[in-house]
Amino acid sequence: MLSHKLLTKAGYISQLGAGIFSFTPIGWRVIEKIKNIIRYEMNSIDCHEANFPVIQPSDIWEESGRIDSFIPPLARFKDRRDKIMIIAPTHEESVISLVRSEVNSYRDMPFSLFHIQTKFRDETRPRGGLLRVREFEMKDAYSFHADQNDLDDIYEKFSNAYFNIFNKCGIDVIKVAADSGAIGGKVSSEFISVAESGEDTILKCDICSYAANEEKAEFKKIIKTINNNSIEISEVKTPNIKSIKDLSNFFNLDSYNFIKTMVYFSSKKPVLVSLAGDLEVNETKLKNLLQNDVRLANNDEVVDLGLTPGFISPIGNNFDLILDDSINLKADYILGANKEDIHLSGVVPEKEFNIKSHTDIAKAKKGYLSIDCDDTKCKGMNEYKGIEVGHIFKLGNAYSTKMGLNFLDKEGKQRSVEMGCYGIGVGRLLAAAIEANSNQKELVLNKNISPFHVYIANLNTDNLEVKEASNSIYSDLINSGYEVLFDDRDEGPGVKFNDYELSGVPVRIVISKRSLENSEVEILERGEDKLRMVKIENIDKELSNIL
RNA sequence: CGGGGAGUGGCGCAGUUUGGCAGCGCGCCUGGUUUGGGACCAGGAGGUCCCGGGUUCGAAUCCCGGCUCCCCGACCA
């Protein structure tokens, strides 16, 4: 991971444990700059900074119901009175606890609060340096509304503020529709910085600009049309033909004419999942539908359930059946007979299946048309890898109902508050900015988030004249309000240049015997290869052009 | 949680197979030379060999138990 390597080598961070890092002074300066950008943008949409505790009594987690359901499990300990305390992974509970005693009327809203706070999540596997850690700084904001339209408006404002924040940090992001995961709520959007090293896969149509996380992406399915003839079910011998591809060749039919059935376990209970032969299961969609973790059954488990691997059929058994909406209930299909080497043709799902759900549980793929795509113009979605740097959610009243966050509306009727929540991982944002702009040798940060504005090096530390000139230039720059990293170490030029390249500082000023002969210094802007020779009295002016 | 790997000076590692003086490179300290792309010479400091137990005259090395970290997968704002 490039960002991890550079952050460590440049001395920004140091690892204390798995997914737990210390920041050094230079690293923390960058974190503070990012936080200040966030603060500025939050203030500009009237979101006010507050602070909520890291350690929280478990009561509020009981109220929200997340005490035992949060994934990963909540980190907890007992205090001296034997009371269970939670090390907070997120702050919905605590913010609601504050707000519910203050909000009584629709007149009290809308408003929003944010804080930048340490969170702890006991992730199963931290990885990628600052990209997935256990303890981390996160900005999270919460908004409160009397109705959904108002939530929609503020959600858009946050969205715009997020684009500003990420752009100022030097990264381009794509906003995508996302799965809301453990936080809950219905609608959510992720901000993804496109990077090869990213953990998330997104699908995006570059023509109509539909974009979604792979977990969430919805697409146009090929639906088999209804055959007019009243077709009878018949058995067809299909010796050792198990895959959809083989069937497709055997029958000389497109793969959507077949039904593929998989066996999953959801909280130890078997569930059959069927979809058109050309598609695959999206386990996130399935998980959300079942409200439970899912796991694909292995071959032995399938046999134990009395099913025949390769020829599984939802006919003739009583397992719960989930049908993807790619399947036309009235059309006729070919599917397994649950007998070795035999398939059934002419099966009309509506007549034969005992269906529990008929909905979208299929995985979108590169090249598919999204649900928003225009068939005549769009050419199918492209696939990108990326880093999730922000995630915003329309929570609705999911939390406010559970925790009794209510208000009286204009008619004097009690209703629950509509909420939104908006997160940014600060350390991850730094890592993403580095991933987006750096290379093997150079840590590149733009002037908004670099630890210092200017690096100056005295190249001849043993020369009194150079030393005095360097000191005086340093003082002048400080007095002009620049943040300056002054390299006056007794090291050779190579050492200094290499360390500068790792420093993340955008401008290098070199002061040496050679240049001082003309009362000049040498200014190099990162990313350029042309040195500028600048008279000492013009340094300030030159810098103001660059910074 | 499953699979694999590692733990020896500040950092990176060798030594473990076959038990027998605790080693190397970088960094650090002192002195000197050098000074526009990670310099050089000389001298020096620095160790709970992850922890606990066992075998042995003797354990970094063998045996048992534990901890931690890394990688792949599962999982995951």
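In what follows, chains carry the letters A, B, and so on, assigned in the order in which the sequence lines appear, proteins first and then strands, with residues in each chain numbered from 1.
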First encountered from the 5' end of RNA chain B, between A:Gly128 and A:Gly390: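 The residue closer to the strand's 5' end, by nearest nucleotide, is A:Gly128.
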Stepwise side-chain contact (heavy atoms from CB on, under 4.5 Å) check, A:Lys394 with A:Glu418: CA-CA 8 Å; A:Lys394 289 183 188 176; A:Glu418 295 287 324; over 6 Å; no
If I take atom [atom1] in residue [X] and atom [atom2] in nucleotide [N], what distance separates them, rounded to the nearest angstrom?
X        : N     : atom1 : atom2 : value
A:Gln15  : B:G12 : CD    : P     : 11 Å
A:Lys496 : B:A39 : NZ    : C1'   : 14 Å
A:Leu16  : B:C70 : CG    : P     : 11 Å
A:Phe21  : B:C70 : CZ    : P     : 8 Å
A:Leu286 : B:A74 : CG    : P     : 16 Å
A:Leu296 : B:C1  : CG    : C1'   : 17 Å
A:Lys394 : B:A77 : NZ    : P     : 20 Å
A:Arg489 : B:G27 : CZ    : C1'   : 13 Å

Rounded to whole angstrom, note down the [atom1] distance from [N] over to [M].
N     : M     : atom1 : value
B:U18 : B:G58 : C1'   : 16 Å
B:G20 : B:A60 : C1'   : 13 Å
B:C67 : B:C51 : P     : 15 Å
B:C62 : B:G19 : C1'   : 8 Å
B:G5  : B:G43 : C1'   : 40 Å
B:G54 : B:U61 : C1'   : 15 Å
B:G52 : B:U8  : P     : 15 Å
B:G38 : B:G25 : C1'   : 15 Å

Mutual orientation of the aromatic rings belonging to A:Phe52 and A:His91 [parallel < 30°, tilted 30-60°, perpendicular > 60°]: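 Correct class here is tilted.
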What is the base-pairing partner of [N], counting Watson-Crick and G-U wobble geometry with both distances under 3.5 Å?
N     : result
B:C69 : B:G5
B:U48 : none
B:U33 : B:A39
B:G12 : B:C24

What nucleic acid atoms does [X] come within less than 4.0 Å of, heavy atoms only: base, sugar-phosphate, or nothing?
X        : value
A:Tyr422 : nothing
A:Gly425 : base
A:Arg127 : base
A:Glu190 : nothing

A:Lys366: partners by side-chain hydrogen bond (donor to acceptor under 3.5 Å, both in side chains), with sequence neighbours left out: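 Applying side-chain hydrogen bond (donor to acceptor under 3.5 Å, both in side chains) to A:Lys366 gives none.
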Residue list, side-chain hydrogen bond (donor to acceptor under 3.5 Å, both in side chains) with A:Lys269, at least two apart or on another chain: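 Here the qualifying residues are A:Asp320.
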Given B:C76, B:C71, B:C75, the nucleotide with the shortest approach to the side chain of A:Arg125: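 Looking only at heavy atoms from C-beta outward on A:Arg125, the closest nucleotide is B:C71.
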Are [X] and [Y] ion-paired here, with the side-chain N under 4.0 Å from a carboxylate O?
X        : Y        : value
A:Glu190 : A:Lys216 : no
A:Arg76  : A:Asp68  : yes
A:Arg508 : A:Glu522 : yes

Polar pair under 3.5 Å, donor/acceptor by atom type, side chain A:Arg121, base B:A77: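 Indeed there is one.
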For nucleotides 34-38 of chain B, which of its nitrogen or oxygen atoms have a protein nitrogen or oxygen under 3.5 Å away, and what is each distance?
| from | atom 1 | to | atom 2 | distance (Å) |
| --- | --- | --- | --- | --- |
| B:G36 | O6 | A:Ser512 | OG | 2.3 |
| B:G36 | N1 | A:Glu522 | OE1 | 2.5 |
| B:G36 | N2 | A:Glu522 | OE1 | 2.8 |
| B:G36 | N2 | A:Glu522 | OE2 | 2.8 |
| B:G37 | O4' | A:Gly494 | N | 3.4 |
| B:G37 | O6 | A:Arg508 | NH1 | 3.4 |
| B:G37 | N1 | A:Glu501 | OE2 | 2.8 |
| B:G37 | N2 | A:Asn498 | OD1 | 2.9 |
| B:G37 | N2 | A:Glu501 | OE1 | 2.8 |
| B:G37 | N2 | A:Glu501 | OE2 | 3.3 |
| B:G38 | O4' | A:Asn498 | ND2 | 3.4 |
| B:G38 | N2 | A:Asp499 | OD1 | 2.9 |

Main-chain N/O of A:Arg125 paired with A:Arg132 side-chain donor or acceptor, under 3.5 Å: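 No, the answer is negative, given that no donor and acceptor are paired below the 3.5 Å cut-off.
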Test: A:Arg526 cationic atom under 6.0 Å from A:Tyr500 six-membered ring centre, within 45° of axis: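 Yes, A:Arg526 sits over the ring of A:Tyr500.
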